[in-house]
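Below: one structure, written as structure tokens.
Order of the sequence lines sets the chain letters (A, B, ...), proteins ahead of strands, with each chain counted from 1.
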2 protein chains.
Amino acid sequence: MAKKSDLLPGTLDLLILKTLARGTLHGYGIALSIKRSSDDVLTVEEGSLYPALQRLLLAGWLKAEWKMSETNRRARFYTLTRTGRKQLGVEISEFEQMIAAIGRVLSAPEEA
Amino acid sequence: MAKKSDLLPGTLDLLILKTLARGTLHGYGIALSIKRSSDDVLTVEEGSLYPALQRLLLAGWLKAEWKMSETNRRARFYTLTRTGRKQLGVEISEFEQMIAAIGRVLSAPEEA
DNA sequence: GGCTATATATAGATTATCTATGGATAGAAA
DNA sequence: TTTCTATCCATAGATAATCTATATATAGCC
């Protein structure tokens with residue numbers, strides 16, 4: 001059972017945006033949530049997650065605030081902005097278009 | 001209509017292997033076939049295609065032979081090997097697993 | 001006091017894709 | 001005959017995204 005990668009490249013932003021669309025979370029919580037809701041198939045490494053969060057903050061799709069976590073530790077909580085929610089819609093439709101296109105290739109008939 | 005990329009990263013090998021599973025083709029023909037069977041959604045640039053073909057040759061998943069093309073030009077025709085066909089199966093199931101996992105994240109309910 | 005889980009973050013390597021370029025030829029059009 | 005378009009191969013260099021490895025810190029349990 002070769003395990004090629006933890007994620008399908010190009011889908012991390014989508015996963016983070018969608019996860020935050022369900023509510024504010026800190027970074028560690030985002031990673032856990034993605035892992036759990038994917039039944040342990042998708043694992044977001046810290047070295048992927050935190051740079052991605054910086055990207056999304058810089059793009060204005062998230063805002064961040066330092067607070068105390070459920071377990072009483074300092075943690076940075078991320079919330080989707082209005083433009084972030086809009087971006088989520090864009091990314092979902094782009095992703096679905098890609099998947100549909102790949103599906104067509106995978107099931108394409110013989111050519112003339 | 002923002003167009004982010006020509007391909008979903010990490011899926012090119014799969015697309016090439018699948019395309020060649022339907023018969024021997026030269027590089028240019030592979031690119032055309034993927035473009036056409038995806039209804040112009042997926043475009044494989046030469047700078048992605050030829051390095052990928054080298055990768056797949058080196059891995060032993062393809063073999064190559066110089067011949068004359070349908071249009072009477074020198075062209076390098078690629079054929080799937082036995083191990084290449086096996087690899088195609090692996091890549092399809094990995095891809096489907098990833099897509100299913102992403103689907104679960106995209107439709108996940110609220111957490112407790 | 002030591003262990004584990006929680007929590008953030010960066011540096012550096014790796015890999016994949018894209019942009020840009022270069023070369024060559026067949027055949028059609030002008 | 002020259003020019004244009006489509007066909008065909010290939011590489012160099014830039015860019016982007018992810019992964020590996022590491023560092024730091026603390027709460028709470030044993």
Base, sugar-phosphate or nothing for A/Gly27? Non-hydrogen atoms, less than 4.0 Å.
sugar-phosphate
What is the nucleic acid contact for A/Leu49, judged by heavy atoms within less than 4.0 Å: base, sugar-phosphate only, or nothing?
nothing
In whole angstrom, what separates [X]'s [atom1] from [N]'s [atom2]?
X       : N      : atom1 : atom2 : result
A/Met68 : D/dT26 : CE    : C1'   : 10 Å
B/Glu70 : C/dG27 : CD    : P     : 12 Å
A/Ile16 : C/dT8  : CD1   : C1'   : 14 Å
B/Gln54 : C/dT15 : CD    : C1'   : 16 Å
B/Leu56 : C/dA16 : CG    : P     : 10 Å
B/Leu53 : D/dC9  : CG    : P     : 9 Å
B/Leu12 : D/dA17 : CG    : P     : 17 Å
A/Tyr28 : C/dT6  : OH    : C1'   : 5 Å

Can you work out whether A/Arg73 or A/Leu8 has the more 5'-proximal nearest nucleotide on DNA chain D?
A/Leu8
Going by atom types only, do A/Glu70 and A/His26 share a side-chain donor-acceptor pair under 3.5 Å?
yes
With a 3.5 Å cut-off and no angle check, do the side chains of B/Thr81 and B/Lys63 form a donor-acceptor pair?
no
Just distance, no hydrogens or angles: give the donor-acceptor pairs under 3.5 Å from side chains in residues 96-106 of chain B, sequence neighbours left out.
residue: B/Arg104; atom: NE; partner: A/Asp39; partner atom: OD2; Å: 3.0
residue: B/Arg104; atom: NH2; partner: A/Ser38; partner atom: O; Å: 3.0

Compare side-chain N and O positions of B/Thr71 against OP1 and OP2 of D/dC8 and report whether any pair is under 4.0 Å apart.
yes
Strictly below 4.0 Å: does A/Ser48 bring a side-chain N or O up to OP1 or OP2 of D/dC19?
yes
Quick check against the 3.5 Å criterion: does A/Thr83 have a side-chain atom that pairs as donor or acceptor with the backbone of A/Gly60?
yes
Measure from the side-chain N and O atoms of B/Ser48 to the backbone N and O of B/Val44, and report whether any donor-acceptor pair falls under 3.5 Å.
no
Closest to the [X] side chain: [options]?
X       : options              : result
A/Asn72 : D/dA27, D/dC9, C/dT8 : D/dA27
A/Arg76 : C/dA9, D/dC8, D/dT20 : C/dA9
B/Glu45 : D/dC8, C/dT8, C/dT19 : C/dT19
A/Tyr78 : C/dA9, D/dC9, D/dC19 : C/dA9

Of B/Glu46 and B/Pro51, the one whose closest nucleotide on DNA chain C sits nearer the 5' end is B/Pro51
